[in-house]
Each structure stands twice: as C-alpha cells, then as structure tokens.
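Below you'll find the structure, written out as structure tokens, and then a few comments.
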Amino acid sequence: MRIVDARTLPIDHEDVIAVTSSSLYFRKKEERTSFSLFRYDEEDGAITQLNRRVYEDYGYPKLFVDGDVVYFLNEIPESEGVIKTELIAFSYKAGKEEVITTFDKRGNSTLFWVLDNRYFLFLTAFESSDEAWLYDRVTGQRERIRDERLVGKTERFRELYLFTTTFKGVSYIVCNARLDEFDYYDALDNGRISPDDPIDHSEALLICPIEEAVEAVWDQREELPFDDILRLQGEGDTVQYLGENDGLLRFSAFVDALNEEVIYDLTAPDVLHEVSVVDWGAYEPLDFTYDDVGSTIFIKIDESDMHTEVIDIATGARYIDVEPFERVIGRRYLVHEFTEDLTSSVVMFDLETEERHAYDNAYYMVIDDTILVLSMSNT
C-alpha cells in the first residue's frame, strides 16, 4: 500500500482507470461530452495520450474496468434524435481499441453494468421514456429487460446495487436492495404483514445465477428469478455492503430493535457466515465508518485533546493516535478527513514510518493497493 498525490491531474474519482507501480491511467474530459484516455508516468511526470481518436458520450459516461480492459461508449449523433453508439473495449496498457458492437437508438445510452466480461446491461433514455436492455457479445443477441428492478428504475426499489461472485464455477448476481413502500402495500394485500407493523420498507440481499437471469431476459419474463439471502423488515433496519474479503462479498445487517449489527461473509449462494456482532449499546460510539476497503466497521470510542481511539470491529484491533482520525487503511495509515473554511483536507499518519502527510483541497480513493489523493477542484 502506498500513497500517490494526483492533485495536479485534471481528474476526479470517476475518471481513474487503474494504478500500477509506476503509472496512473485515467480519462480526461476535454469538453462537456468529449474525452480521451491517458497514462501519467510518476518518474518523469510525462502524460501520454493512449487513444487515436476523441470519444463522445452524451449521457452518463461510465467506465467499467476488467483487468487490462476498460469498457465505455462512444456516441455519434445522427438525424432526428437517433444516436449511433459504439461499445468499446480499450486495452489501456497496449493502447488498442476494439469496437465490440454498434447500435442505433433514439436518445442517450448508458453502459450500466458488465457481467462476466460477456453480458452488457444498457439503459437508454429518450425524452420521458427509459429502456433497459441486455447484449451478449458472444452470440450478438439483444433483448429488452422487463424486470426494471435490475436497474433500479421502478418505484419498487429506491436503491439497488449489483455485485457479482462465483461459487463452484457458477457466477451469480447479488443485489443489495431497498424495497420501498409499494412492496409494503403489496405485502399488506397478500397478508404477509399486519397493518400494525410500522415498517414502510425492507432491506434485502437477493441472489440469482447469471445464466438464469440472462435466460429470463431472453424469455421476456416480467421478473428475474432472484432468491432472498437476507431480508430485514424492521423500521430503521439496514443492509450495508462492506466490500470483498478474501474473495467473498461482505455485508453488515443492522437490526434497529436490537441495536445490533452483524457482519456476514457470503460463503455460498444460501449461506451467510457470521464474522462478528456489534452491540452498539455497549460501545456508545462517538462516530463510526463503514469501510468497504478493509471490509469492516471502524468505531471511534474516544476523542480528546490528548488522543483518539478507534476500533476495527472485524478484527478487534484498537488504534490510538495523538491526532484525530476515523479509519485505518491497510492496517498502516490512520486517515482523517475534515473541512475547514469550506476547504476539504486529508491527513494520513503512516504507522510504519511514523510520518504524517497532509493534503489540502483534497479527497482520496483506494484503488489497486494505492491510496490516490485527488483535488477537490475537479469534483
């Protein structure tokens, strides 16, 4: 784990593609819709353009990185609202572009998700309408997705986050979803809950094999065959994603009635393994941080002019410093973020070298075993 100060580069966290031991790969937006890809070499500060032509994206320009390849869209407006859109796979280390497919649609398209480096989930918006659809790069098949829960576009899901994982060679989609009050009323009608129940939503973890989900799309089914892994139905209950730990997806589930939170690893399609339990009443924390880098919850239990103490709930480790901090990265860097006079800053204390690093007008992200410091001026 190392720190790279990239505040001089005209990028924000959504532009970062990858970091190696010597270089940073990134996207630079040249105008509101135009962008190119670059490599920044730390040793001499050289910046090299990687693409041979400028790309355009008139929607939400989302990047998906898989190994040495970054996926994105290039949109070319044509007549009467029709946009010719290229799905591009760019090998950023080799500087090579591959146009996977081209399609013509009215409106702007967004590459919403990439599954198994094969299936591409798109969302196309035209005037007041939205359409979600799936593309298979192997067969070339395309089909509209009728279950809009997958992209979180209906009233049924206010929030939905997608993850992928593999068990015994089978790939799965895992959804961390918040179901809203429309499902609550459906549950009332179906008799699954009582009118005396105060909840207006539930928090859930849902799972489905990718191949089964894809087949459901091809079969034009109205709903994909998700199964519940976990569902909390108490008012104030939440499910939180905590990243990956040793290749396993990790989540925490807070039950408000118990004032208790359990950290789970998803070890099988139907198995949540309990990692640790947080009795919030026993800690009375001053502050806490959900951390999807260290796959844990950091609880600040003491803060004074003399010292700050923070506990890593997953490991039980306690960290103490004479200065404020909220989280620990790589069991090495104590990190403090704060705002003063409308300026955000980051301070990191290195436990190995016992050096303190301060970065003004800054925020940070963690990628490729690197703490990347970025400028707030570019957000």
| task | Decide side chain to side chain contact (heavy atoms under 4.5 Å, CB included) for Asn108 and Ile83; before the verdict, give the C-alpha distance in whole Å, the side-chain angles of both, and the deciding distance to 0.1 Å. | result | CA-CA 7 Å; Asn108 300 123; Ile83 296 181; 3.2 Å; yes
Please confirm whether the backbone N or O of [Y] pairs with a side-chain atom of [X], one donor and one acceptor, at under 3.5 Å?
| X | Y | value |
| --- | --- | --- |
| Arg32 | Tyr58 | no |
| Thr20 | Ser23 | yes |
| Arg250 | Ser295 | yes |
| Ser91 | Lys93 | no |
| Asp312 | Ala314 | yes |
| Asp237 | Asp256 | yes |
| Ser375 | Ser377 | yes |
| Arg142 | Gly140 | no |
| Glu98 | Ile100 | no |

Are [X] and [Y] grouped together when hydrophobic residues (ILVMFWY) are joined by side-chain heavy atoms under 4.5 angstrom apart?
| X | Y | answer |
| --- | --- | --- |
| Leu334 | Val293 | no |
| Leu134 | Phe72 | no |
| Tyr119 | Val114 | yes |
| Leu73 | Ile145 | yes |

Heavy-atom pair of closest approach, residues [X] and [Y]:
| X | Y | value |
| --- | --- | --- |
| Gly281 | Asn259 | N-ND2, 3.3 Å |
| Cys208 | Pro225 | SG-O, 3.5 Å |
| Pro209 | Val170 | CB-CG1, 4.4 Å |
| Arg331 | Val328 | CA-CG1, 3.7 Å |
| Ser109 | Thr124 | OG-OG1, 2.8 Å |
| Leu232 | Ala253 | CD1-CB, 3.9 Å |

Carboxylate-amine/guanidinium proximity below 4.0 Å for [X] and [Y]:
| X | Y | answer |
| --- | --- | --- |
| Lys84 | Glu78 | no |
| Asp15 | Lys28 | no |
| Glu42 | Arg2 | yes |
| Arg27 | Asp12 | no |
| Arg327 | Asp291 | yes |

| query | What about the rings of Phe64 and Trp113, do their centers lie closer together than 6.0 Å? | reply | yes
What residues form a side-chain contact (heavy atoms from CB on, under 4.5 Å) with [X], not counting sequence neighbours?
| X | result |
| --- | --- |
| Asp44 | Asp41, Ala46 |
| Glu31 | Ser34 |
| Val373 | Ile3, Asp5, Arg7, Met348, Tyr359, Ala362 |
| Arg53 | Tyr55, Asn74, Glu86, Ile88, Glu97, Val99 |

Would you say the side chain of [Y] lies within less than 4.5 Å of the side chain of [X], judging by non-hydrogen atoms?
| X | Y | answer |
| --- | --- | --- |
| Leu248 | Leu266 | no |
| Glu274 | Val277 | yes |
| Phe120 | Leu111 | yes |

| query | For Glu203 and Thr238, what are the C-alpha separation, side-chain angles and deciding distance, and is it a side-chain hydrogen bond (donor to acceptor under 3.5 Å, both in side chains)? | reply | CA-CA 6 Å; Glu203 294 265 348; Thr238 58; 5.8 Å; no
| request: With Thr101 as reference, evaluate Leu87, Thr85, Asp136 under the side-chain contact (heavy atoms from CB on, under 4.5 Å) test and give the passing residue. | output: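 For Thr101, the side-chain contact (heavy atoms from CB on, under 4.5 Å) check succeeds only for Leu87.
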According to ring pair (Phe, Tyr, Trp, His ring centres under 6.0 Å), does anything in [range] pair up with another residue at least two apart or in another chain? List the pairs.
| range | value |
| --- | --- |
| residues 320-351 | His336-Phe338 |
| residues 86-109 | Tyr25-Tyr92, Phe103-Phe122, Phe103-Trp133 |
| residues 232-251 | Phe163-Tyr241, Phe163-Phe251, Tyr241-Phe251 |

Under a single-linkage rule joining Ile, Leu, Val, Met, Phe, Trp and Tyr whose side-chain heavy atoms are separated by less than 4.5 Å, which residues share a cluster with [X]?
| X | result |
| --- | --- |
| Met376 | Val4, Leu9, Ile11, Val16, Val19, Leu24, Phe26, Phe38, Tyr40, Ile47, Tyr363, Met365, Ile367, Leu372, Leu374 |
| Tyr283 | Leu242, Phe254, Ile263, Val275, Val278, Trp280, Phe288, Tyr290, Ile297, Ile299, Ile301, Ile311, Ile313 |
| Ile76 | none |
| Leu286 | none |

Does a donor on one side chain and an acceptor on the other come within less than 3.5 Å for [X] and [Y]?
| X | Y | result |
| --- | --- | --- |
| Ser171 | Asp116 | yes |
| Glu30 | Ser36 | yes |
| Asp350 | His357 | no |

| query | Hey, mind stepping through Lys300 and Glu326 against salt bridge (charged side-chain N to carboxylate O under 4.0 Å, His left out) and telling me if it holds? | reply | CA-CA 7 Å; Lys300 183 183 294 187; Glu326 296 81 38; 3.8 Å; yes
| query | Between Asp302 and His307, is a side-chain hydrogen bond (donor to acceptor under 3.5 Å, both in side chains) present by the stated rule, with each step listed? | reply | CA-CA 8 Å; Asp302 195 7; His307 74 280; 3.0 Å; yes
Answer yes or no: are there more than 12 heavy-atom neighbours, outside [X] itself, under 6.0 Å from its atom [atom1]?
| X | atom1 | result |
| --- | --- | --- |
| Asp246 | CG | no |
| Lys105 | NZ | yes |
| Arg221 | CZ | yes |

| task | Determine which pairs satisfy salt bridge (Lys or Arg N to Asp or Glu O under 4.0 Å) with at least one residue from residues 363-374, sequence neighbours left out, and list them in order. | result |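 Checked against salt bridge (Lys or Arg N to Asp or Glu O under 4.0 Å) - neighbours excluded - no pair reaches residues 363-374.
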| Verdict with reasoning, Arg146 to Glu143, per side chain to side chain contact (heavy atoms under 4.5 Å, CB included) | CA-CA 9 Å; Arg146 287 156 176 78; Glu143 184 59 60; 3.2 Å; yes
| task | Show your reasoning for whether side chain to side chain contact (heavy atoms under 4.5 Å, CB included) applies to Leu230 and Leu272. | result | CA-CA 9 Å; Leu230 175 69; Leu272 286 172; 3.9 Å; yes
